[in-house]
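Here's the structure we're looking at; comments come further down.
Naming: A, B, ... by sequence-line order, numbering from 1 per chain.
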Protein chains: 2
Amino acid sequence: MTASISGEVDAMLDGFRRAIGIEPDFDNCPIRGVLDRIGDKWSTLMVLTLALRPHRFGELKRAIPDISQRMLTQTLRDLQRDGYVARKVFPTTPPAVEYRLTDLGRSLMVPLAGLVDWAVKTRGEVEAARAAFDRENV
Amino acid sequence: MTASISGEVDAMLDGFRRAIGIEPDFDNCPIRGVLDRIGDKWSTLMVLTLALRPHRFGELKRAIPDISQRMLTQTLRDLQRDGYVARKVFPTTPPAVEYRLTDLGRSLMVPLAGLVDWAVKTRGEVEAARAAFDRENV
DNA sequence: TGCCTTAGTTACTTGGAGGGAACCGGTGAC
DNA sequence: GTCACCGGTTCCCTCCAAGTAACTAAGGCA
């Protein structure tokens with residue numbers, strides 16, 4: 001780990017320094033906007049699943065078995081509202097509805113992949129840190 | 001946006017496909033572990049603040065004015081437990097406690113920078129999508 | 001006639017994240 | 001003596017994300 005991890009990080013920190021001064025407005029913060037989505041219980045899993053291929057409503061329910069129907073609908077609506085997911089209705093009977101990632105949704109996969117990659121790589125370190133902490137703090 | 005965004009994404013999706021089959025265990029999922037941290041209200045802001053420079057407890061409270069003392073302590077303990085933040089006590093009177101990012105914590109800045117960068121870049125698109133959605137759905 | 005399907009919606013409930021405020025120990029300054 | 005300072009801890013309360021379960025529409029099928 002060098003003193004400066006990467007130019008990208010430095011650029012972000014500059015942006016962050018400015019942000020603290022200029023915009024202490026939490027609700028309009030673009031970072032908070034995406035973090036709230038990333039951070040909720042199902043969004044990421046849903047985006048990841050839809051990245052594999054488009055899914056119908058029932059397919060998603062089967063792909064993510066422990067999600068409730070209520071949260072499935074709500075998460076899809078939220079993702080759709082933000083433009084990450086497109087909803088296409090086929091007026092058949094019974095109705096068929098297909099959900100697929102938009103270009104915007106697919107573009108989220110890039111930073112998300114970075115995060116997932118980091119999580120997998122540092123998994124062991126984090127577990128070790130937790131074990132050490134719990135040992136020291138009875 | 002091409003058919004395949006990047007090799008990294010493809011690799012992640014492969015990993016994800018395996019994960020759905022092998023490990024449907026939510027609590028031990030390394031992705032969920034980092035997402036829960038990233039997703040909570042104060043962790044990211046705290047990591048970003050500590051990335052600027054080490055801070056004392058009171059400095060953090062002043063840097064993030066609307067955090068409660070309770071959540072400041074709790075978030076710091078969580079970050080410390082996972083090995084992202086190091087806590088150093090100076091046995092002076094009154095006591096001084098310094099918090100700084102560990103190497104592991106600094107390494108998180110890389111994927112985090114990617115996410116922040118993406119959030120800033122796509123901010124307009126998301127806002128437009130929301131406005132369009134709200135217009136169509138009364 | 002009644003039961004199956006898909007894709008939802010609605011009402012009720014609960015667990016946990018987070019907020020507010022009071023309290024604490026040790027010490028130096030007034 | 002008591003006030004302030006720092007870095008917490010503790011208790012209590014509130015609010016919201018999420019879960020559960022029942023209900024819906026429109027048609028196919030037996």
Tell me which nucleotide among [options] gets nearest to the side chain of [X].
X: B:Met71; options: C:dG18, C:dA7, D:dA18; answer: C:dG18
X: B:Pro94; options: D:dT9, D:dG19, D:dC5; answer: D:dC5
X: A:Ser68; options: C:dA7, D:dG19, D:dC6; answer: D:dG19
X: B:Phe57; options: C:dA7, D:dG7, D:dG19; answer: D:dG7
X: A:Arg87; options: D:dG7, C:dA7, D:dG19; answer: C:dA7

Original post:
If each of A:Thr73 and A:Pro95 is mapped to the nucleotide of DNA chain C with the nearest heavy atom, which maps nearer the 5' terminus, i.e. the 5' end?
Top reply: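 Between the two, 5'-proximity favours A:Pro95.
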**OP:** Taking atom types as modelled, find out whether A:Gln80 and A:Arg77 have a side-chain donor-acceptor pair closer than 3.5 angstrom.
**Re:**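 Looking only at side-chain atoms, A:Arg77 and A:Gln80 do form a donor-acceptor pair, the distance falling under 3.5 Å.
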Just how far, in rounded Å, is [atom2] of [N] from [atom1] of [X]?
X: B:Ile67; N: C:dG20; atom1: CD1; atom2: P; value: 12 Å
X: A:Phe90; N: C:dT5; atom1: CZ; atom2: P; value: 22 Å
X: A:Leu45; N: D:dA18; atom1: CG; atom2: C1'; value: 15 Å
X: A:Leu72; N: D:dT20; atom1: CG; atom2: C1'; value: 15 Å
X: B:Asn137; N: C:dT9; atom1: CG; atom2: P; value: 10 Å
X: B:Gln74; N: C:dG16; atom1: CD; atom2: P; value: 13 Å
X: B:Leu76; N: D:dC6; atom1: CG; atom2: P; value: 17 Å
X: B:Asp40; N: D:dC16; atom1: CG; atom2: C1'; value: 16 Å

Subject >> Atom pair CG/CE of B:Leu101 and B:Met109 - distance to nearest 0.5 Å >> reply: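 The CG atom of B:Leu101 sits 7.0 Å away from the CE atom of B:Met109.
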Less than 4.0 angstrom between a side-chain N/O of [X] and OP1 or OP2 of [N], yes or no?
X: A:Lys61; N: C:dT6; value: no
X: A:Thr93; N: D:dG27; value: no
X: B:Arg77; N: D:dT9; value: yes

Original post:
Contact class for B:Tyr99 (heavy atom, under 4.0 Å): base, sugar-phosphate, or nothing?
Top reply: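 Contact class for B:Tyr99: sugar-phosphate only.
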**OP:** Determine the sole option in A:Ile38, A:Leu108, A:Thr49, A:Val116 for which the side chain to side chain contact (heavy atoms under 4.5 Å, CB included) test with A:Thr44 is passed.
**Re:**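 Output: one option passes, namely A:Ile38.
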**OP:** Sort out for me which residue in A:Asp66, A:Leu60, A:Val47, A:Leu76 forms a side chain to side chain contact (heavy atoms under 4.5 Å, CB included) with A:Trp42.
**Re:**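 Filter result, single survivor: A:Asp66.
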Original post:
If you find the nucleotide of DNA chain D closest to B:Gly58 and the one closest to B:Arg70, which residue's nucleotide is nearer the 5' end?
Top reply: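 Residue closer to the 5' terminus by nearest nucleotide: B:Gly58.
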**OP:** Verify, without hydrogens or angle tests, whether B:Thr75 (side chain) and B:Ser43 (backbone) share a donor-acceptor contact under 3.5 angstrom.
**Re:**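 Absent.
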Original post:
Do B:Arg56 side-chain and D:dG7 base share a donor-acceptor contact under 3.5 Å?
Top reply: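 No.
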